[in-house]
Amino acid sequence: MPELPEVEAVSSVARRALAGRTVVALRILRKRICAPQRPATVERHVAGRRVVAVERRGKSIEIQLDGATLWIHLRMTGNLYPIADARLRAHSVTACFELDNGRALVFDDPRGLGVLRLGPAPPAGIDPLRDEFTAERFVALAGRGRGAIKTWLLDQRRVAGLGNIYAAEALFQAGIDPRRAGATLSKTRLERLHRAIVAVLGDAVESASLAYQRPGGLAEGELFDPAVYGREGLPCPRCRRRVRRFSQGGRSTYFCPGCQR
DNA sequence: CTGCCCCTGTAA
DNA sequence: TTACAGGGGCAG
């Protein structure tokens, strides 16, 4: 489910639930999520500690405690939300933070691909929601890319936060063929892509934060109407040509062959 | 670069 | 039954 906008919203939810709280106990209900660290070790380091801060770093969420730090990655299907009673957690909950106010924050993850580990969140690239994401820096970085721009955008080490949906939407909005290498794109077109990334993510952050404030969180596919993502064979909203799909780096890329060159 | 893996759910 | 899923790490 989550790309940067959703992680930002989930991070806010976790921050509100954890602010000023002490974690009485952490229960890791699926061992793999902290591998290669041992569940008992992680639980012991967290238990009894006061929450100092919750921050998003790229697509990771870092929870700083008084004397320990842990980070969470939601991967495909992870979610964090508070519940009134730890005993009433859903079957798909992989970890549960029991709090000193009697409530709990759960890490719910049906596919179980998500991660929870001790230590600071791994280093991520420039955050496209922050001021540091300037057109100049983006042009300098992307202009060096030799591989396909879509794959390049998904690599979190340079620009951190774009995933499969918003990368496709930003490239559509900028009118750029996802197979092009960054190094072959003009400064003007890379600046256009920079603007598209900021616009696409900015819009999504707003709707994601609204959606996650409601009980039940986000409903599937309600965020926005993609122009190309998931629309193989359907007409492009701009030129009416059929949206095409192909595989890039093991995932689906959607694009309009008319608008994206 | 591609392909496979992690795991479960859902839809065709 | 197969294909696919908004992520990412790894091997070849």
Side-chain angles (χ1 to χ4, degrees), chain A residues 1-11 28-37 56-61 71-80 90-95 107-117 119 121-125 128-129 144-172 178-184 197 200-201 203-205 207-209 211-212 217-234 243-255:
Chain A
M1 173 172 58
E3 297 188 29
L4 181 148
E6 294 79 22
V7 178
E8 177 69 24
V10 170
S11 179
I28 294 175
L29 303 159
R30 189 193 282 253
K31 291 181 181 180
R32 302 190 60 91
I33 67 172
C34 58
Q37 298 172 355
R56 179 181 61 77
R57 303 213 183 284
K59 290 187 205 165
S60 297
I61 297 169
W71 62 278
I72 289 172
H73 197 296
L74 305 172
R75 291 283 174 91
M76 298 285 270
T77 51
N79 194 9
L80 297 173
H91 178 67
S92 48
V93 166
T94 59
F107 183 10
D108 193 342
D109 184 9
R111 275 175 83 175
L113 300 175
V115 167
L116 182 160
R117 277 181 217 152
L129 290 187
R144 243 177 285 144
R146 311 214 152 260
I149 186 70
K150 157 79 164 12
T151 312
W152 190 91
L153 289 174
L154 292 185
D155 185 339
Q156 307 294 301
R157 290 172 302 186
R158 292 178 284 253
V159 175
L162 284 165
N164 212 25
I165 296 182
Y166 300 122
E169 295 298 306
L171 285 167
F172 171 78
R179 297 165 292 195
R180 292 284 298 270
T184 70
I197 290 168
V200 163
L201 290 180
D203 284 354
V205 163
S207 41
S209 68
Y212 275 84
L218 185 75
E220 199 73 12
E222 85 172 295
L223 259 193
F224 71 121
D225 289 327
V228 288
Y229 183 82
R231 293 178 43 83
E232 182 185 19
L234 296 171
V243 171
R244 292 231 294 268
R245 174 166 77 103
F246 68 102
S247 184
Q248 244 180 340
R251 26 191 35 103
S252 289
T253 293
Y254 297 87
F255 79 111

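Just so you know, these numbers use all the heavy atoms, side chains as well, and skip hydrogens, waters and symmetry mates.
- Taking atom C1' on both C:dA5 and B:dC1, the two are 23 Å apart, rounded to the nearest angstrom.
- Of the possible donor and acceptor atoms, none in the side chain of A:Gln37 sits under 3.5 Å from a partner among the backbone N and O of A:Arg117.
- The distance between atom CZ of A:Arg251 and atom C1' of C:dA3, rounded to the nearest whole Å, is 15 Å.
- At least one donor-acceptor pair closer than 3.5 Å links the side chain of A:Thr77 to the backbone N or O of A:Arg111.
- With sequence neighbours left out, the side-chain hydrogen bond (donor to acceptor under 3.5 Å, both in side chains) criterion links A:Ser92 to A:Asp108.
- OP1 or OP2 of C:dG8 lies within a sub-4.0 Å distance of a side-chain N or O belonging to A:Gln156.
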Protein heavy-atom contacts under 4.0 Å, written 5' to 3' over nucleotides 4-12 of chain B as B (base), S (sugar-phosphate only) or - (none), form the string --BBB----

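- Within the structure, every pair that satisfies the salt bridge (charged side-chain N to carboxylate O under 4.0 Å, His left out) test and touches residues 157-166 of chain A, not counting sequence neighbours, is listed here: A:Asp155-A:Arg157, A:Asp155-A:Arg158.
- Look at A:Thr151 and you won't find any side-chain N or O under 4.0 angstrom from OP1 or OP2 of B:dC1.
- Under the rule for a side-chain hydrogen bond (donor to acceptor under 3.5 Å, both in side chains), A:Arg32 has no partner lying at least two apart in sequence or in another chain.
- Using a 4.0 Å heavy-atom cutoff across all strands shown, A:Gly147 reaches sugar-phosphate atoms only and no base atom.
- Under the ring pair (Phe, Tyr, Trp, His ring centres under 6.0 Å) criterion, A:Phe255 pairs with A:Phe246, not counting sequence neighbours.
- Contact check, A:Tyr254 against C:dC4: no side-chain N or O comes under 4.0 Å of OP1 or OP2.
- The residue A:Ser92 sits apart from the nucleic acid: no heavy atom pair falls under 4.0 Å.
- The salt bridge (Lys or Arg N to Asp or Glu O under 4.0 Å) search around A:Arg57 returns A:Glu55, A:Glu62, not counting sequence neighbours.
- The CG atom of A:Asn164 sits 9 Å away from the C1' atom of C:dG7 (whole-angstrom rounding).
- Put simply, CZ on A:Arg179 is 17 Å from C1' on B:dT2, counting in whole angstrom units.
- Listed by chain and residue number, A:Asn164, A:Thr253 satisfy the side-chain hydrogen bond (donor to acceptor under 3.5 Å, both in side chains) test with A:Lys150 (two or more places apart in sequence, or in another chain).
- In terms of phosphate contacts, A:Arg245 brings a side-chain nitrogen or oxygen within less than 4.0 Å of OP1 or OP2 of C:dC4.
- Base pairing in DNA chain C gives the following stems of 3 or more Watson-Crick or G-U pairs, range against range and under 3.5 Å: B:1-6 with C:7-12, B:8-12 with C:1-5.
- Every residue two or more places apart in sequence or in another chain was checked for a side-chain hydrogen bond (donor to acceptor under 3.5 Å, both in side chains) with A:Gln156, and none qualifies.
- Dashed line: the shortest gap from a side-chain N or O of A:His73 to OP1 or OP2 of C:dG8 is under 4.0 Å.
- Rounded to a whole Å, the CH2 atom of A:Trp152 is 13 Å from the P atom of B:dC1.
- Across all strands, A:Arg146 comes closer than 4.0 Å to no nucleic acid atom at all (heavy-atom distances).
- Look at NZ on A:Lys150: it is 14 Å from C1' on C:dG8, rounded to the nearest Å.
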